[in-house]
Protein chains: 2
Amino acid sequence: MKQKPTLKVIAKELDVSVSTVSKALRDSKEIGEETKRKVKAFAKLYNYRPNNIALSLKNKKTKTLGVIIPEIVHHFFTTVISGIEHYANDKGYNVIVGLSNESFKKEVINLEMLANGSIDGFIISVAKETLSFKDFHHLSETIDQGIPIVMFDRVIDDIECDKVIVDDVKTSAKAVQKLIDGGCKNIGIISTKDYVSVGRLRTEGYKNALNANHIEIQKSRILKIDDKFNSDDNIEFLEEQIYTYFEENEVDGLFAVNELYAITAMKVARQKGLTIPDDLQVIGFTDGVLSKHAFPPLTTISQHGFEMGEESAKLLIDRLENPNEDEEPFKTIVVKTDIIDRETTKLHNPKK
Amino acid sequence: MKQKPTLKVIAKELDVSVSTVSKALRDSKEIGEETKRKVKAFAKLYNYRPNNIALSLKNKKTKTLGVIIPEIVHHFFTTVISGIEHYANDKGYNVIVGLSNESFKKEVINLEMLANGSIDGFIISVAKETLSFKDFHHLSETIDQGIPIVMFDRVIDDIECDKVIVDDVKTSAKAVQKLIDGGCKNIGIISTKDYVSVGRLRTEGYKNALNANHIEIQKSRILKIDDKFNSDDNIEFLEEQIYTYFEENEVDGLFAVNELYAITAMKVARQKGLTIPDDLQVIGFTDGVLSKHAFPPLTTISQHGFEMGEESAKLLIDRLENPNEDEEPFKTIVVKTDIIDRETTKLHNPKK
DNA sequence: CCTTACAGCTACAACGTTTTCGTGTTGATA
DNA sequence: TATCAACACGAAAACGTTGTAGCTGTAAGG
């Protein structure tokens, strides 16, 4: 086992000073050609690499981004991480991942654990519990300490920072319009409770579309699922709620704010003898593996998670590397969405 | 914006020495009660937290684990990460994620990027390209430098380190046996090329089961998909291969080495007019979202990714925190598997 | 022969901690 | 009164870097 050599051991071995070694390796003109050659050869031979931690301490920069998300077993979030990783790695940054599991407490702990010098900035999508508690002190304190935050998808209006979102209202309206255009007369929505910003906004878009088409909004057709935590664990609970929803509502079009709701609704609908898309047309939000491989393949809205990740990382790194960061106004980037036509809707859009 | 205070500023503010502050905060009995109280109060007020980087440099420990996986947009890997995170966080460790995208080069870069002091040890599942190139110098060099590695799922026999796997051979045999017990006469397998260890082993299990039941092995029934890279991008390619496979083979039972292959095969089968499980029974490997929400829900083998993650993290952290780490022999933990009975097989196992 | 210039190198401080080893004061004891 | 332990604190080194300032020797210029 050969330990990583430090400047010191190279210096001792070559009988020069530490500074000389450091400078030689950085090709400083203060050092003679001959010495440089010797040092470089030695460094290569022993595979010298500067110690990152020491550099971080000296430069007060870790070149590491902290990403905190509700759960990682979730296609949308992983595509976002992919995007973040892609851009960050390109710029020489590492990515450290923290999971909140939708828990406020874990989110706070994660933030504090990383805010002590481990990272240069955060990219975060807020936990549902945090949203429902409306307690954002950990976020504002972090920003106060000079650590920039970028929020994506689930954002908080009251916190001033860079944000990357999709236009949930417009996009949802577009989806519902598609159902209307496809001949649906009775359109329902399966959403989340209002404290989840994206759920609220998507419901708003749903209402807007109905209004625009002079269709009366029926409250009972708006189902707001209350899953504070990991939704994958309470499939039965979800199914039950959707089942009673179908009992109480006769809909021929359904807009779901995520693919799990959509898929589950399709499953329940099938159990009730409905065929898709003939009896019921469905559109989901967020394109993931489920949508693509569902039966029938689900028409969904693609949020372009990869791009959202890239944009988030770009925003953060730009701010980190911009010397006059404080003056720079906060930006909110709205990533475009697309409807991906598959087989749960009748009207197929000709344009890709 | 109030900057994080350091020991130095606290010391200056309170007119004591840095050492006194440090000791007071760690409740050393060298310091008088009165002083301790003052220091602690001040530290609390200004929300002092020791700088992680400085600690890392001093202790030569970062309390951070590097996890390198082929892709993150993959249910199995994310469950593993969840498991790693869970155990690691519990022990006060952070997790830094690197993606190889199945590329040898990116794997090497990631490893080197993190091996310079950023992390204490690695947990890795090797890229397909690395497996096919059979070039493992980056791994052995890392171990040589005293940085421990734990491999999971896709492991390399030639490299000596801790490993976490499932018994692919036995598990696969069990799955195939289930098909046989369910009345299948002509059983096929969709696997990967042999350089992917898990593909090879699962194929072996398939053969073993047939042998044990005195069923002749027909080479044409063994389909080895050659997807060196991200398989989600070449669904069409996959479908084509499976389509021709079905043209050439009439099977009533199918074992797929991952859920994507299984789902895709079901899709193709459906197109060919087969009904599942009546005409064709299917079992997949690796339980993910796809299996659970497929139509019909797919009978699969659960690899217990979360547990694999936990075991990997445990193995790594144990080694890191064990002072006489060098002597400790390398372990290979075999995580148990379960067949999850769903609706693509006929014979349902009574025991959960 | 004395400056001056420059090349080529070294010393030192700093980043924020912890820890070891002082050091001075106090009060008790011989 | 001299000695000593206990107490409360401070100085300094160390982790691995880098950058600035300083040092040394040689050669050129006056």
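Just so it is clear, the values below take in all heavy atoms, side chains as well, and ignore hydrogens, waters and symmetry mates. Since the structure is predicted, the reported quantities are computational estimates derived from the model, not experimental observations. Proteins come first, then strands; the chains are lettered A, B, ... in the order of their sequence lines, and each starts at number 1.
- Neither OP1 nor OP2 of C:dC15 sits under 4.0 Å from any side-chain N or O of A:K61.
- A salt bridge links B:R154 with B:E102: the closest approach of a Lys/Arg side-chain nitrogen to an acidic carboxylate oxygen falls below 4.0 angstrom.
- Distance CZ (B:R26) to C1' (C:dT17): 9 Å, rounded to an integer number of Å.
- For B:K23 and C:dT17, a side-chain-to-base donor-acceptor distance below 3.5 Å is absent, hydrogens and geometry of angles not being considered.
- Using a 30° and 60° split on the angle between ring planes, B:H138 and B:F104 fall in the perpendicular class, above 60°.
- Protein atom CG of A:L14 is 15 Å distant from nucleotide atom C1' of C:dT10, rounded to whole Å.
- At a threshold of 4.0 angstrom between heavy atoms, the contacts of A:T6 are confined to the sugar-phosphate backbone, with no base atom among them.
- Near DNA chain D, defined here as any heavy-atom distance below 4.0 Å, the residues from residues 37-59 of chain B are B:L57, B:K58, listed numerically.
- Taking atom CD1 of B:I31 as the reference point, atom P of C:dT18 lies 13 Å away to the nearest angstrom.
- Sparse packing is recorded around NZ of A:K314, with 12 or fewer heavy atoms of other residues, nucleotides or ligands lying under 6.0 Å away.
- Under a 4.0 Å N-O distance rule, the pair B:E33/B:K36 qualifies as a salt bridge.
- For A:T35, taking side-chain heavy atoms from C-beta onward, the closest of the listed nucleotides C:dC9, C:dT10, C:dC15 is C:dC9.
- Here the C1' atom of nucleotide C:dC15 and the CD atom of B:Q3 are 14 Å apart, to the nearest Å.
- B:N47 places no side-chain N or O within 3.5 Å of a backbone atom of B:R49 that could act as its donor or acceptor partner.
- When the nucleotides C:dT18, C:dC9, C:dC12 are ranked by their closest atom to the side chain of B:L7, C:dT18 comes out on top.
- B:I119 places a side-chain heavy atom less than 4.5 Å from the side chain of B:I147.
- Ring orientation note: the planes of B:H86 and B:F306 are tilted relative to one another, at an angle of 30° to 60°.
- Out of C:dT10, C:dT19, C:dG16, the shortest distance to the side chain of A:S19 is found at C:dT10.
- Each of B:V16 and A:P5 was assigned the nucleotide of DNA chain D with the nearest heavy atom; the assignment lying further toward the 5' end belongs to B:V16.
- Straight-line distance from the CD atom of B:E30 to the C1' atom of C:dT23: 13 Å, rounded to whole Å.
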*asked:* Let's go through A:K106 and A:N110 carefully: what are the C-alpha distance in whole Å and the side-chain angles of both, what is the deciding distance for side-chain contact (heavy atoms from CB on, under 4.5 Å) to 0.1 Å, and is it a yes or a no?
replied: CA-CA 6 Å; A:K106 265 214 76 183; A:N110 257 304; 4.0 Å; yes
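- B:V21 has its side chain out of reach of B:K8: every pair of non-hydrogen atoms, C-beta onward, lies at least 4.5 Å apart.
- The nucleotide range of DNA chain D contacted by chain B, defined by atoms under 4.0 angstrom from heavy atoms of the protein and reported 5' to 3', is D:dA8 to D:dG16.
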